[in-house]
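These notes concern the structure reproduced below.
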Amino acid sequence: MSHNTKNLAAAVHGGKNQRTPMRPMIAEYEPKKHGVKTELSDVVLVKYKCEKNDVPITVTNGSTLPLVERQIDEEAALYDPFEHRKLAHPTSDLDTLIHLLKGSLGTGILAMPMAFRNAGLAFGLFATFFIGAVCTYCVHILVKSAHRLCRRTQTPSLGFADVAEAAFLDGPEPVQKYARLAKATINTFLVIDLVGCCCVYIVFISTNVKEVVDYYTATDKDLRIYMAALLPFLVVLSLVRNLKFLAPFSMVANVLIATGMGITFYYIFSDLPAIDDVPNFSSWSQLPLFFGTAIFALEGIGVVMPLENNMKTPTHFIGCPGVLNTGMFFVVLLYSTVGFFGYWKYGENTKASITLNPPQDQVLAQSAKVMIAVAIFLTYGLQFYVPMEIIWKNLKQYFGSRRLFGEYLLRISLVIFTVCVAIAIPNLGPFISLVGAVCLSTLGLMFPSVIELVTVWELENGLGKWNWRLWKNLAIISFGVLGFLTGSYVSIQEILEGK
């Protein structure tokens with residue numbers, strides 16, 4: 001008996017010293033590819049499906065079959081992932097819409113007038129709706145791909161990074177080996193994006209507080225001093241480990257930001273100047289900054305999959321009109337309104353945050369700055385929670401029995417890191433644009449297109465007539481790459497010049 005045959009026999013009959021039996025490779029004819037395939041990709045996919053369905057991965061001695069089988073397309077089509085979702089508190093369509101609005105409406109709204117200044121009044125309005133439509137469409141194709149993969153892998157629900165991993169595992173053979181890399185890449189960009197947002201929050205808070213303190217104390221202290229002074233307060237806030245305890249902070253922040261925005265709108269709409277004086281187009285060189293800021297403001301793709309996975313009726317999420325279309329329409333309308341009227345009112349004097357424009361000598365205007373600064377401070381804990389969860393999940397095994405100490409140490413280190421980055425780059429406008437260009441053009445535009453292509457590549461007529469899905473996704477990816485490169489270059493240039 002040859003060495004290989006002995007190994008195979010031992011794997012099938014189960015040796016005493018073997019804890020996990022090996023499985024022989026089985027070659028089978030696959031009609032769809034008109035060729036023979038091995039089970040190598042199936043072994044990986046089965047492990048993935050077992051994990052997602054809470055099925056033990058070990059295979060019984062003597063068995064050559066996995067506990068969760070790869071289903072043929074006809075059987076997969078009969079599987080309804082929505083029926084298998086076990087949700088303790090599923091959300092209604094209205095709840096999901098409110099969460100979507102909250103997840104998409106961030107500090108970016110305060111930077112929209114600055115974005116319009118970099119684009120021009122008429123072009124900014126058109127481009128905001130265009131970018132909003134492209135971002136919404138990319139969410140559509142991501143969720144549709146997730147639904148298709150849930151059926152194919154017999155999994156009730158998938159997160160953003162899980163969708164990428166499942167698509168690559170079940171996709172064409174050359175890309176299967178990149179499944180773990182695809183998941184890790186998306187998680188890395190999510191962490192960079194959310195940590196970047198935390199840094200932007202610190203700059204926002206410090207800038208608004210400095211304006212108020214400088215005015216009433218007649219001093220002009222360095223902005224970095226205010227950032228450093230924030231550190232102990234942010235550390236205390238970051239030590240809250242339970243999301244439930246952060247919810248009250250979020251409610252207070254919502255009330256404060258709504259009041260602060262109301263006061264800012266009051267100043268914007270009072271005494272609007274003649275619209276003829278405001279340019280309709282700025283310059284080509286400033287457009288990359290507009291792209292970065294607009295996509296930073298509009299892109300809420302990180303919250304989409306968790307919201308869809310928790311819905312009572314997930315089919316209503318991407319229907320017509322649907323929760324997604326309704327929510328994104330209101331988000332784009334609100335952002336373009338703030339950007340359009342903010343730039344119309346203040347023109348070339350528009351600052352990086354619209355809260356910094358109203359007159360300093362009025363208590364009402366100063367109170368709006370304080371309200372929004374406090375609101376953003378309270379939201380920091382919530383923003384910090386998600387990247388911390390992703391990082392901690394990958395690092396906790398290294399701390400052994402001292403996990404609690406390790407988690408607190410990591411939390412404090414991450415807060416110190418965000419404050420240090422903010423101190424290093426206190427220039428708000430280009431910083432926002434950089435985060436948008438680097439992270440959100442990849443997460444919001446490129447990755448959903450790649451995921452859809454990998455998901456439909458091997459389906460019969462998957463790319464559509466004349467391969468229209470291929471050309472459409474290549475166009476979106478090219479748009480994302482262009483925004484990524486030009487936005488990053490111009491933003492870094494502005495940061496280095498310290499404009």
Side-chain angles (χ1 to χ4, degrees), residues 19 47-48 50-58 86-89 91 99 102-103 106 156-162 165 180 183-202 205-206 227-254 302-303 305-307 309-310 374-424 435 439:
R19 283 178 291 180
K47 180 176 180 293
Y48 176 81
C50 289
E51 284 173 354
K52 294 292 167 199
N53 287 287
D54 300 320
V55 177
I57 296 166
T58 50
K86 301 184 184 86
L87 300 170
H89 305 288
T91 52
H99 288 312
K102 172 129 189 19
S157 61
L158 293 165
F160 189 3
D162 297 326
E165 187 182 23
R180 293 291 295 275
K183 181 178 182 176
T185 306
I186 285 180
N187 276 333
T188 303
F189 273 101
L190 278 171
V191 168
I192 294 169
D193 169 37
L194 293 162
V195 169
C197 287
C198 287
C199 301
V200 170
Y201 280 18
I202 293 165
I205 298 161
S206 309
M227 293 180 189
L230 268 179
L231 181 61
F233 301 104
L234 293 170
V235 166
V236 170
L237 192 62
S238 71
L239 296 180
V240 179
R241 292 166 62 234
N242 194 326
L243 201 56
K244 189 172 75 176
F245 299 127
L246 288 170
F249 292 120
S250 188
M251 287 300 295
V252 174
N254 286 346
V303 300
M305 291 315 298
L307 289 179
N309 288 339
N310 207 48
V374 173
I376 294 168
F377 170 76
L378 296 175
T379 315
Y380 179 93
L382 203 61
Q383 191 76 17
F384 180 84
Y385 183 86
V386 183
M388 179 62 212
E389 282 289 289
I390 296 171
I391 296 168
W392 178 239
K393 196 192 283 184
N394 290 292
L395 292 182
K396 62 183 175 187
Q397 70 265 28
Y398 299 114
F399 288 96
S401 58
R402 307 183 70 184
R403 283 194 176 180
L404 191 64
F405 168 76
E407 186 179 347
Y408 280 128
L409 184 68
L410 182 62
R411 284 174 176 273
I412 292 166
S413 305
L414 197 56
V415 174
I416 292 169
F417 174 75
T418 59
V419 172
C420 289
V421 171
I423 286 172
V435 174
C439 301

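Treat the numbers as computed from the prediction; the structure is a model and nothing was measured.
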Open item on the list: Measuring from atom CG of L414 to atom CD1 of I391, what distance do you get when rounded to the nearest 0.5 angstrom?
Closed with: 5.0 Å
- [ ] Grab the two heavy atoms, one from A228 and one from P232, that are nearest each other, plus how far apart they are.
- [x] O-CD, 3.8 Å
Open item on the list: As an exercise, state the distance from CD1 of I390 to CG of L395, rounded to the nearest 0.5 Å.
Closed with: 12.0 Å
TODO: Just grab all the side-chain hydrogen bond (donor to acceptor under 3.5 Å, both in side chains) pairs involving residues 400-418, residues at least two apart or on different chains.
DONE: R241-E407, Y380-T418, E407-R411
Task: Side chains of I376 and I202 in contact at under 4.5 Å (non-hydrogen atoms) - done: no
- [ ] Sequence neighbours left out, what passes side-chain contact (heavy atoms from CB on, under 4.5 Å) with F249? Give chain and number order.
- [x] L237, L246, L378
Open item on the list: The criterion is ring-ring contact (aromatic ring centres under 6.0 Å, His included); which residues satisfy it with F399, sequence neighbours excluded?
Closed with: W392
Atom pairs and distances, donor-acceptor, side-chain atoms in residues 187-201, under 3.5 Å, two or more places apart:
residue, atom, partner, partner atom, Å
T188, OG1, A184, O, 2.6
Y201, OH, Q383, OE1, 3.3

Task: Inter-residue atom distance F384.CZ - T379.OG1, 0.5 Å rounding - done: 14.5 Å
- [ ] For residues 387-400, pull every pair meeting salt bridge (charged side-chain N to carboxylate O under 4.0 Å, His left out), keeping only residues two or more places apart or in separate chains.
- [x] none
- [ ] Any chance you could measure S206, atom OG, to L230, atom CG, to the nearest 0.5 Å?
- [x] 4.5 Å
